[in-house]
Trainee: 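First the structure, then my questions, so here it is.
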Amino acid sequence: MRTPFIAGNWKMYKTPSEAETFAEALKKQKLPEDVRIAIIPPYVDLVPLKEKLKGTSVEVGSQNVFYEDEGAYTGEISLPMLKEIGADCVIIGHSERRQYFNETDGSCCRKLRKVLRESSLTPILCVGEKLSDREAGEQLMVVSKELRADFSGLTEDEAARVVIAYEPIWAIGTGKTATPDQAEDMCRSIRGIIRDLYSDETAESIIIQYGGSVKPENVKELMEKPDIDGALVGGASLIPEKFAAILDFKSEA
Ligand code: PEP
């Protein structure tokens, strides 16, 4: 039985005081007990958010991590830093980092190994195709190539701890959601690739999220699909009531 996992990626939104206001508002909402929840804010919000959410089940994660412990790497954040502040999870390879900050499958792979071998943080690995890939019918080839490169060298125990977020790039921040069938097709194929690389057991236990314009209006239909175990939510995670409505996807209302 896979526990649903819904994470909010705040991208470069919210100052520390805005993050605290969000946490206060979220705490007033009724949060489901059987859903794993995380908020992934900008770095400066991590400590105040962690503090404000103490005593709740809401986890806090980082939007990136570097693969060296320390050094002359201006602008980067390290795993020891994230461990010391008690971060629970970390996004690796978000398409915005791949597009604007030269993130490659090579660096994603190094970051994944680092996180899995030296911490208990959950890595959320993002993969997904561009619109031109989908129009050319090459979406599965692109995602398969990314996954195989990013997972390269991981043992089965390590691989089982990765959360995979399938995020078609054309659906991120555009208001265009993949249809539930398109999302399910790819998530099922991703599970198949994990089966191919490892085993049935790991394929059946690994958590696969869908991301791309998820909102209260479409989350239920997406989450009803058998291979979609959660969501990585951008824009709609910035408003506490909207995020809570997404977390409440099981309710009949
Ligand atoms: C994201 O940032 O990972 C994302 C899916 O954004 P949005 O929900 O805004 O499309």
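Since we're looking at a predicted model, the values are computed, not measured. Both counts, for ligands and for their atoms, begin at 1 and track the order of listing.
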Trainee: Please verify the inter-ring angle class for Phe22 with Trp10; under 30° counts as parallel, over 60° as perpendicular, anything in between as tilted.
Mentor: perpendicular
Trainee: Does Lys27, at its NZ atom, have more than 12 non-hydrogen atoms belonging to other residues, nucleotides or ligands within less than 6.0 Å?
Mentor: yes
Trainee: Check the hydrophobic clustering (I, L, V, M, F, W, Y; side-chain heavy atoms under 4.5 Å; chains of links allowed) and say if Val127 and Leu232 are grouped together.
Mentor: no
Trainee: List the protein residues in contact with ligand 1, where contact means a heavy-atom separation under 4.0 angstrom.
Mentor: Asn9, Lys11, His94, Glu167, Ala171, Ile172, Gly173, Gly211, Gly212, Ser213, Leu232, Val233, Gly234, Gly235
Trainee: Within a strict 4.5 Å, meaning less than it, do heavy atoms of the Ile206 and Arg191 side chains meet?
Mentor: yes
Trainee: Determine, using the 4.5 Å side-chain heavy-atom cutoff (strictly less than), whether Val35 and Leu53 are members of one ILVMFWY cluster.
Mentor: yes
Trainee: Around Tyr13, counting heavy atoms of other residues, nucleotides and ligands shown, do more than 12 lie under 6.0 Å from its OH?
Mentor: no
